[in-house]
Student: 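Got a structure for you, written out below as structure tokens; questions coming shortly.
Please read these numbers as outputs of a predicted model, since none were measured by experiment. One-based numbering, in listed order, for ligands and for the atoms of each. By convention here, the first residue in the shown sequence is residue 1.
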Amino acid sequence: MSGRLTGKTALITGGSRGIGLAVAEAYAAEGANLLLNARNPDTLTAAADRLRERFGVNVDTAACDVVDRDAVAAMAAAAEARGGIDILVNNAGIHRARSFLDYSAQDFRDLFEVNFISVVHVTQCVLPGMIARGGGSIVNLASTAGKWGTPNQSAYNVSKHALVGLTRCLALEVAARNVRVNAICPWIVETDMATDFIAEHARIAGLSVEQAATNFLNSVPLKRYVQPAEVAQMAVFLGSAESSYVNGQSIAIDGGRTMI
Ligand code: NAP
């Protein structure tokens, strides 16, 4: 299927690699124009060039840290001047694994700032334009870590629990303005983040990386990691009119690990 997002413009934070890049590819394949954000301008520009060449859609870039409220406001104002954002994918995020006692208070602050407060910044800057133009869709990249507990990454999990909570509350506030808000909650997705995640958990548990990876894979019914493209297809669904009555949901992509 193609053309499901034709005429739409999507802002994807953390769109230069990993899940964000897969969402950008899937959105471009469906005809969306893109505004991609990440901090590293070189990776971002290279990704945008490849997307333009491959899909023939408009791809703008905004290299900034989503924790920086002023930079986010400038990014949103520039996007508004070019016609506005119809779909916002809040995807930028970081992971850091520690035992609870080894996390510093600063670790908690860092994870909360990037994984949650940045979503507040971007959404508050983009939402007024979305409402003024008659509606839109907001897709938050949370995690299964936003739905359940995990040992040795409590600071990450609470930041994602906050994002799931915001998804529910905001969905209620803006539904009458024709803005839907949903979250995607994947289990381990094969990206740079997952490579670091498995290595950190191996170190904390005193296991080899191979043993830690085997343990993770044995814990999920499908016995494999999530592919970025599998997350991207859910983001297309939630961004498009096909999900027009789906609102306030935090949808697990976890290979059947949880069934509630
Ligand atoms: P990734 O491979 O590490 O990519 C992260 C992306 O976010 C990059 O484009 C990075 O670019 C950007 N980014 C990071 N911090 C940023 C900041 N402060 N401001 C702007 N951009 C920033 O991560 P991923 O695995 O694709 O994860 C994407 C999202 O899915 C995250 O929210 C993550 O928590 C969530 N998630 C991941 C998994 C997983 O297993 N991989 C599972 C569930 C949920 P720069 O470094 O250039 O800024």
Side-chain angles (χ1 to χ4, degrees), residues 11-26 34-48 51 61-72 74-76 88-97 109-122 125 139-148 150 153 155-164 166-167 183-201 212-213 216-217 219-220 224-232 234-235 250-255 257-258:
L11 165 55
I12 303 167
T13 69
S16 62
R17 54 194 168 85
I19 295 169
L21 180 57
V23 173
E25 289 169 348
L34 303 173
L35 171 56
L36 291 191
N37 151 270
R39 289 164 305 179
N40 184 317
D42 298 334
T43 323
L44 187 61
T45 304
L51 286 161
T61 59
C64 71
D65 188 331
V66 283
V67 168
D68 179 344
R69 175 76 179 214
D70 291 342
V72 166
M75 171 173 73
L88 167 60
V89 182
N90 284 309
N91 166 78
I94 58 169
H95 186 275
R96 209 175 283 171
R109 285 188 203 101
D110 291 347
L111 283 155
F112 210 72
E113 281 281 334
V114 180
N115 294 349
F116 179 70
I117 299 293
S118 77
V119 176
V120 174
H121 292 329
V122 180
C125 292
V139 180
N140 294 325
L141 248 300
S143 169
T144 48
K147 293 172 93 76
W148 69 42
T150 317
Q153 54 170 50
Y156 180 77
N157 282 48
V158 296
S159 72
K160 294 297 187 179
H161 273 67
L163 188 51
V164 167
L166 177 67
T167 299
I184 304 177
C185 297
W187 187 63
I188 302 173
V189 187
E190 261 190 77
T191 66
D192 297 345
M193 181 183 284
T195 305
D196 296 345
F197 164 101
I198 293 162
E200 280 197 311
H201 275 282
F216 279 123
L217 287 172
S219 74
V220 70
R224 65 175 178 83
Y225 300 122
V226 190
Q227 293 304 305
E230 294 175 309
V231 180
M234 182 61 76
S250 296
I251 300 174
I253 302 182
D254 68 355
R257 206 171 159 206
T258 45

Student: Heavy-atom distances under 4.0 Å decide this one: backbone, side chain, both or neither, for Ala142 against ligand 1?
Tutor: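 Answer for Ala142: backbone.
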Student: Among protein heavy atoms, which sits nearest to atom 9 (O) of ligand 1, and what does the distance come to when rounded to 0.1 Å?
Tutor: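 It is Ser16 OG, 2.8 Å.
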Student: Taking heavy atoms and a distance under 4.0 Å, where does Thr191 meet ligand 1: side chain, backbone, both or neither?
Tutor: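 Only the side chain of Thr191 comes within reach of ligand 1.
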Student: For atom 38 (C) of ligand 1, what is the nearest protein heavy atom, given as residue, atom name and distance?
Tutor: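 Nearest protein contact, heavy atoms only, for atom 38 (C) of ligand 1 is Val189 CG2, 3.9 Å.
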Student: Specify whether His201 and Phe216 have parallel, tilted or perpendicular ring planes, treating 30° as the upper limit for parallel and 60° as the lower limit for perpendicular.
Tutor: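 Perpendicular, since the angle between the ring planes exceeds 60°.
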Student: Considering heavy atoms of the protein only, find what lies nearest to atom 1 (P) of ligand 1 and give residue, atom and distance to 0.1 Å.
Tutor: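 Residue, atom and distance for the closest contact: Arg17 NH1, 3.6 Å.
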Student: Indicate yes or no: at least one non-hydrogen side-chain atom of Thr13 is less than 4.5 angstrom from one of Val122.
Tutor: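 Yes, at least one pair of side-chain atoms sits under 4.5 Å.
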Student: Has Lys160 got any heavy atom lying under 4.0 angstrom from an atom of ligand 1?
Tutor: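 Lys160: in contact with ligand 1 (<4.0 Å).
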Student: Measure the distance from atom 22 (C) of ligand 1 to every protein heavy atom, then report the residue, atom name and distance (to 0.1 Å) of the closest one.
Tutor: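 Checked against all protein heavy atoms, atom 22 (C) of ligand 1 sits closest to Ala92 CB, 3.7 Å.
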Student: Would you compute the distance between atom NE2 of His95 and atom CG of Leu111 and round it to the nearest 0.5 angstrom?
Tutor: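 His95 NE2 to Leu111 CG: 8.0 Å, rounded to 0.5 Å.
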Student: What residue and heavy atom of the protein are closest to atom 26 (O) of ligand 1, and at what distance?
Tutor: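 Checked against all protein heavy atoms, atom 26 (O) of ligand 1 sits closest to Ile19 N, 2.8 Å.
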Student: Answer with side chain, backbone, both or neither: which part of Cys64 has a heavy atom less than 4.0 angstrom from an atom of ligand 1?
Tutor: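 Only the backbone of Cys64 comes within reach of ligand 1.
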Student: Work out which heavy atom in Ala252 is nearest to a heavy atom in Lys147; give both atom names and the distance.
Tutor: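 Closest approach of Ala252 to Lys147: CB-CE, 4.3 Å.
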Student: Relative to the heavy atoms of Tyr156, which atoms of ligand 1 are at a distance of less than 4.0 Å?
Tutor: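 Taking each heavy atom of Tyr156 in turn, ligand 1 has 33 (C), 34 (O), 35 (C), 36 (N), 44 (C) under 4.0 Å.
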Student: Quick one: pull up CG in Leu163 and CG in Asn115 and give me the separation to the nearest 0.5 Å.
Tutor: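 Going from CG on Leu163 over to CG on Asn115, the span is 8.0 Å.
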Student: Taking 4.0 angstrom as the limit and counting only heavy atoms of Asn37, give me the atoms of ligand 1 inside it, by number and element.
Tutor: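 Numbered from 1, ligand 1 contributes 20 (C), 21 (N).
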Student: So is Ile188 touching ligand 1 or not, going by heavy atoms under 4.0 Å?
Tutor: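 Yes, Ile188 has heavy atoms under 4.0 Å from ligand 1.
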Student: Nearest non-hydrogen atom to atom 42 (C) of ligand 1 belongs to which of Phe197, Tyr225, Trp187?
Tutor: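 Among Phe197, Tyr225, Trp187, the closest heavy atom to atom 42 (C) of ligand 1 belongs to Trp187.
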Student: Number the atoms of ligand 1 from 1 as they appear, then name those within less than 4.0 Å of a heavy atom of Gly14, with their elements.
Tutor: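 Near Gly14, meaning under 4.0 Å from one of its heavy atoms, ligand 1 has 6 (C), 7 (O), 9 (O), 12 (C).
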Student: Can you figure out which of Asn91, Val72, Thr43 has its heavy atom closest to atom 32 (O) of ligand 1?
Tutor: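 The nearest heavy atom belongs to Asn91.
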Student: For ligand 1, which is the ligand I care about here, please tell me if Val114 has any N or O atom under 3.5 Å from one of the ligand's N or O atoms.
Tutor: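 No; the residue has no nitrogen or oxygen that sits under 3.5 Å from a nitrogen or oxygen of the ligand.
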Student: Does an N or O anywhere in Pro186 fall below 3.5 Å from an N or O of ligand 1?
Tutor: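 The answer is no, given that Pro186 and ligand 1 share no N or O pair closer than 3.5 Å.
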Student: Quick one, Asn40 and Ser16 - any side-chain contact, counting heavy atoms below 4.5 Å?
Tutor: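 Result no, sub-4.5 Å side-chain heavy-atom pair not found.
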Student: Go through the steps for Leu166 and Val119 under the test side-chain contact (heavy atoms from CB on, under 4.5 Å), then give the verdict.
Tutor: CA-CA 9 Å; Leu166 177 67; Val119 176; 4.1 Å; yes
Student: Could you give the distance from CG (Leu21) to OG1 (Thr43), rounded to the nearest 0.5 Å?
Tutor: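 Going from the CG atom of Leu21 to the OG1 atom of Thr43 covers 10.5 Å.
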Student: Looking at CG of Asp110 and CZ of Arg96, how far apart are the two atoms once the value is rounded to the nearest 0.5 Å?
Tutor: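 With rounding to 0.5 Å, CG (Asp110) is 4.5 Å from CZ (Arg96).
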Student: Do Ile19 and Ile184 touch side chain to side chain, with heavy atoms closer than 4.5 Å?
Tutor: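 With C-beta onward as the side chain, the pair stays apart.
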Student: Report the member of Arg39, His95, Glu113 with the shortest heavy-atom distance to atom 16 (C) of ligand 1.
Tutor: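 Nearest option to atom 16 (C) of ligand 1, by heavy atoms: Arg39.
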Student: To the nearest 0.5 angstrom, please state how far the CE atom of Met75 sits from the SG atom of Cys125.
Tutor: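 With rounding to 0.5 Å, CE (Met75) is 8.0 Å from SG (Cys125).
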Student: Run the numbers on Asn140 and Thr167 for side chain to side chain donor-acceptor pair (under 3.5 Å), then give the verdict.
Tutor: CA-CA 7 Å; Asn140 294 325; Thr167 299; 3.0 Å; yes
Student: To the nearest 0.1 Å, how far is atom 18 (N) of ligand 1 from its closest protein heavy atom, and which atom is that?
Tutor: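 The protein heavy atom lying closest is Asp65 OD1, 2.9 Å.
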Student: When you measure from atom 47 (O) of ligand 1 to every protein heavy atom, which one gives the shortest distance, and what is it?
Tutor: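 Atom 47 (O) of ligand 1 sits closest to the protein heavy atom Asn40 N, 2.9 Å.
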Student: List the closest protein heavy-atom neighbour of atom 19 (N) of ligand 1: residue, atom name, distance to the nearest 0.1 Å.
Tutor: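 Protein heavy atom with the smallest distance to atom 19 (N) of ligand 1: Val66 N, 3.1 Å.
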Student: Mind listing the closest non-hydrogen atom pair of Phe112 and Ala162 along with its distance?
Tutor: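 Smallest heavy-atom distance, with atoms named: CE1-CB, 3.8 Å.
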Student: Run down the list Gly18, Gly93, Pro41 and name the one with the heavy atom closest to atom 5 (C) of ligand 1.
Tutor: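 Among Gly18, Gly93, Pro41, the closest heavy atom to atom 5 (C) of ligand 1 comes from Gly93.
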